[in-house]
Amino acid sequence: MDYQFKQIEKSWQKFWAENETFKADVDASKPKYFVLDMFPYPSGAGLHVGHPLGYIASDIFARYKRLKGFNVLHPMGYDSFGLPAEQYAIQTGQHPAKTTETNINRYREQLDNLGFSFDWSKEVRTSSPEYYKWTQWIFMQLFNSWYNKETDKAESISTLIAKLEAIPSSEINAVCDEDVLNLLPSDWSNMNAEEKQAELLKYRLTFLKESTVNWCAALGTVLANDEVKDGFSERGGHPVEQKKMMQWSMRISAYAERLLQGLNNIDWPEPLKEMQRNWIGKSVGAMVSFGIENKEQGARNKDAIIEVFTTRVDTIFGVSFLVIAPEHELVASLTTEEQKEDIENYILATKKKSELDRMSDVKTVSGAFTGSYASNPLSGDKIPIWIADYVLAGYGTGAVMGVPSGDQRDFLFAQKFHLPILQILDSQKIEKEADPTKEGKFINSGIVDGMGYKEASEAIVNKLKEIGVGYGKINYRMRDAIFGRQRYWGEPVPVYFKNGLPYLIKEEELPLLLPEVDKYLPTKSGEPPLGRAKDWKYKASPQPSPKEREQIGSEVLSFGEDLGEAYEYELSTMPGWAGSSWYWYRYMDANNNQAFADSDKIAYWKDVDLYIGGSEHATGHLLYSRFWNKFLKDLGFVNEEEPFKKLINQGMIQGRSNFVYMILDVDGRPSHTFVSNGLKENYRTLSLHVDVNMVENDVLDTEAFKKWRPEYNDAIFIFEDGEKSILNPEKEHVFMEGTEVKNLFPISKHRYVCGTEVEKMSKSKFNVVSPDDLVERYGADTLRMYEMFLGPLEQSKPWNTNGIEGVFKFLRKFWKLFHDENFNFSVSDEAPTKAELKTLHKIIKKVEDDVERFSFNTSVSSFMIAVNELTDLKSNKRVILQDLVIILSPYAPHICEELWQLLGNEAGTLSYTPFPIFNPDHLIENEFNYPVSINGKTKTSINLALTLEPKEVEEIILKEEAIIKYFDGKYPKKVIVVKGRIINIVI
RNA sequence: GCUCAGAUGGUGGAACUGGUAGACACGCAGGACUUAAAAUCCUGUUCCUGUUAAGGGAGUGCGGGUUCGAUUCCCGCUCUGAGUACCA
C-alpha cells in the first residue's frame, strides 16, 4: 500500500489513547525528565499554525528522552481563567465556564490530531474548583507568612508574632510596609485583636494596600503594568487612568535579590534573563539626607530633611540643586509665599500632562522653584529645591540630587534654569553635555580631592555614616505585584471582612467556589461582578482550627464569639497569573485532593528540566512563577530554588499575507481585472488581501478566487507573462488570446502571482493557516516535520506553507524504502554493507547532537539526506531500517509506529525502545579528499590516505603536476597541512 | 535614547571548536512518462564573464583589522526585529 497517512495516524492516535502509552508515574529505577510546555489559554479561535511549534519541539524532545531511557513527564493543560471568555459572557450571557469547556474540547481535538505524547491523565485546568482550591490554598499560605530578612526567607506569621511579643519592632528585620508602627513588646500586648490584625497585615506576603492602580473603566478592571501600553489597555486599546484603590498585593519585592541571583544558575536565553534583570532593576547606591534651611534639625523632625537616593554618591560635591517629584509630600511645606503660584501652576500642568500623552515629550525640560533651600551635608553649600516631573514619586524617595556635570537630565535642567554646572573630575568634558564617566581624579570636592571613583565613593559613604546623614543602600525598581481584578472569571480570594479587616476562611472550607451571578458586569455601586451574587456571605464558625491557632496565634483569632453573623467576602478575584504560577507542580500529582501535590512526587519530579514557550511571558508569568516557587520552598513544600532549569523561547510565527492587484481605471474606480504581481507597476492598482488558503507558492487559484466572493465572479486576470484570461460564460472555458484551454490554473506559464507581506496573523488579513487543514492534506507527521524544517526554533519567522510538499515527499520516500514498486512490504535480512552502516551511524550521531542542542531543523535535513542515500543504495536491509525507524520516531511518530509493527515488532513498544547506539567505527575513512587552496582560495582537491602525516602530504603535493600548475612558476613560500581538513599553499 | 538579537542565492535555511560557502528543501528552467494534465522520475540552477564548454573573476549588510586561511574572531558603521522608557 502507498503511504496512507490518514488511516495510519488515526489508528495510532487511538492506540496511544487507549493504552495510555505515555502515562508517567514515579519510577525510582529511571532518571526523571520533565518536559513542559507553556499551557495555552483556550481561545475561541482555536489553534493556529503558530501554536504547535513549541509543542512539536517539546514532543520530539520528550519522545527522544524516552528512547534514551528517561522517565518522562510530559503533560498538558489549560490556563482557562481569563478575559475573553468573560467578555463573551458579557455579550451573550453565556456562562464563561461553558464557553471555556467548548473551547477546551476544540483545543483537545486539535492537539490530538498532531500526535503529541502528552500524559492526559494529568491534565489541569486552572478554572476547575479542584485546581483553584490549591491556588487559594497557596494564597492563604502567603497571607500567613512574612519575610524575615535575617534568615532571608519567608516564615510563618507566628514567628513574627513571637518576635513582636519579645523585642521592639524596630529590631525586626522584615520586608514590610513603610508605615509599620514602632512598637515595644508592651505596646504590642496592649493592642486589641483588631489592632494586631491591622498591624500584621503590613507584614504579610499578601496584603491589602491602598495603591494607585491602572484602572480601565471600559473593561471595568484594574490592569497590571505590563497589560498597559502607552496609556491604553493592551487588550482592546481602552484608555487607562490612575486611580487609588484598596488592592490585594503580593510582596514580590521581598524576593528581588533572590530572583536576581537565581538567574545565574538557570539555563535560560540571555535576552530573557536580561529582561528580568532590567525588570528587577537593582541599583547600588546611597541614601543621603539634605537638611532644609530654616527648619529645625531635630532627630525626629522628618519635615526638616529631604532624603535622596543616588547611585553616584561620589558626585555629591557637584550638587547644585535638589529636585523633588511634584507629588512629594514636602512640596507644600517647602513652597514659599512668592513661589506659591508658580508651584501650583506647575503641579496643575503636570497633572494634565499625565492625563494626556506623556510619552510624546520626554525631552522637554520643565520645573518650578519652591523658594526653599537645603544644605549640602558635606560641603555645607546652600542649594535650591525645585520640583520637576522628571523625578518620579514612585521610585527611590521621589527626590534626587541634581549633579549637572554628571547626569544629562540634570545638565539640561541646570541649563534651562541657569543653575551652576560644577566640574568635579579633572577629565570631565562638560561644555556641551554631561559627562557621566568615572575616569579621572576628583577636583572641587573637599575631602575626596585627588581620589579616583572607587576610593571617593567609599570615603563619602563612610563620612556620611559617621555624621549620620547617609548610608549605603540598594534599590530595586521592581514593585510589589497587584493581585486583584474587578472581574468575574477568576479565582475567588478566600477572604472575608470583619470591621474592614481581612480574615482567611478556614482551610477545610476550600475551595471557595465562584458564585453564580445574573450578569457579568460590575454592580451599580461600582463593585465587581461578585457583588451581584445572592446570599454569598461568610458565616464564621466559632472555633479556630488547631492549625490556625498555631499559625496565627489563638489570641488574634478571638472573633469567634459572634457566631451566626455573616461577613462580606472579598469581591475581587485573582489575576490571570495566579493559576499559572504553580501549575507545573500540579502536573506531578494532578488528582490529589489532600495536597497540591504529594511531597514524595515533588521529591521525585523536582523541577522542570525543559520548558518551552514564548518570550512574551518574560516579566509576567516567568517572574511570578519563580517568586511563588521560592516562597513554597521557604515553607518547605517544594525542594528546588528555581522551577525551570532550562528554558527555550520558541520564535513567534508571523502571518504572511497574499495580495491581488485590482486595476483601477483613469478615474480611480475599481475594475474587475487583476494584474499579476510582476506587472503591477504598469498599472494603477489597489492591493487587496486574498485568502492565503487559495494560494499555493504565491500562485493564485483563480477559479477558487472567483468563487470566493460574488463580485469576483467575472474577474479577469493578467498573468505573469502578460497574457490575459477572458471569460466565456457560455462554455465556462477560459481562453488565452484566442486559444482555448480546458483548465486555466495548471498551465504553468500563465500564472497569477500574488504579492506578499509579513503581518500579524489575523482573520482580517486572511492569512490564518489552521493546522487542521494541513493535517487533512498532508498528515500530522508531515506538519510536525515541516514546522521543524522551517528554521531554528528560537527564530521568529512568517508562516509560509511553500515547501511543505518537500517534507511530504520525504515521508513517502521513506515509506518506499520498506516497500517494493508495487507497494508490498519488503525488507531484506541480508547483512548491511559498509555504505549502509555509514549512512545509519551518521544519522544516529547527527540526531543525537541536534536534539541535544534543540536544532531540530538540521535533523530534518539530515533525515532527508539519509533517506536519499539509502534510496540511491537501493537499501532495504531490516537492521538498517529498523534503527532508522527508531531515530525518526520522535519527529514522525505515526508512520514510524506503523512501520515498526510491519517490521514485526509488538505494537506500542516503539516509544520505549532503546535509541540505537552510535559506533564511530562505521564512519572511519582511510582516504580524504583534501581541498587544495592557493593563498586561501580553493583551486582543486586531491585524494590522500588519512594515515599520512602533514610532512608526507606536503612532499606528495609538491610533486603533483595538477597542483604545481597553480604555482605560477614560483616556489611556494609555505605549505599548511591540517590533517583531514585542508591543504593551503602560500605563494 | 538605552539593552539585546539578527542580516548568507529568487525563497526557507545549512556550514557545530577559524579550514571546500550555499547542504537539505522550495521555486524556476529543461527533459522523460502521458492523448493531455496531475503525480512521479531525471538534469541544471549564487552572480558576472566566456559560443554550449574548458576556464577566469566576484561573493555571506557596509568599511577596516587579526590570520596561511574569516559567514565564524576584533573595531567602526548601516539596516531590521524585540524589550524598555525620564530609575536618580
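To find a chain, count down the sequence lines: A is the first, B the second, and so on, and within it residues start at 1.
- Among residues at least two apart or in separate chains, salt bridge (charged side-chain N to carboxylate O under 4.0 Å, His left out) pairs with a member in residues 279-288 of chain A are A:Glu257-A:Lys282.
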Just the table, please: protein N/O against nucleotides 65-71 of chain B N/O, every pair under 3.5 Å.
unit_1	atom_1	unit_2	atom_2	d
B:C68	O2'	A:Asn984	ND2	3.1
B:C68	O2	A:Asn984	ND2	2.6

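- In this structure, A:Ser615 has no side-chain hydrogen bond (donor to acceptor under 3.5 Å, both in side chains) partners at least two apart in sequence or on a different chain.
- Remark: A:Phe309 pairs with no residue by the ring-ring contact (aromatic ring centres under 6.0 Å, His included) rule, at least two apart or across chains.
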Under 3.5 Å between N/O atoms: give me all the protein pairs with nucleotides 8-12 of chain B, atom names plus distance.
unit_1	atom_1	unit_2	atom_2	d
B:G12	O2'	A:Leu790	O	2.6

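- Sorted by first and then second residue, the pairs that involve residues 974-987 of chain A and meet salt bridge (charged side-chain N to carboxylate O under 4.0 Å, His left out), not counting sequence neighbours, are A:Glu949-A:Lys979.
- By the ring-ring contact (aromatic ring centres under 6.0 Å, His included) test, A:Phe417 pairs with A:Trp386, A:Phe413, sequence neighbours left out.
- Every pair passing salt bridge (charged side-chain N to carboxylate O under 4.0 Å, His left out) that includes a residue from residues 781-805 of chain A is listed here, sequence neighbours excluded: A:Asp59-A:Arg784.
- Applying the ring-ring contact (aromatic ring centres under 6.0 Å, His included) test to A:Tyr778 and every residue at least two apart in sequence or in another chain returns A:Phe808.
- The ring-ring contact (aromatic ring centres under 6.0 Å, His included) search around A:Trp268 returns none, not counting sequence neighbours.
- For the side-chain hydrogen bond (donor to acceptor under 3.5 Å, both in side chains) condition, the pairs that include at least one residue of residues 305-325 of chain A, sequence neighbours left out, are A:Arg312-A:Asp314.
- Counting only Watson-Crick and G-U wobble pairs whose two distances sit under 3.5 Å, RNA chain B takes part in these stems of three or more pairs: B:1-7 with B:78-84, B:10-12 with B:24-26, B:27-32 with B:40-45, B:46-49 with B:55-58, B:61-65 with B:73-77.
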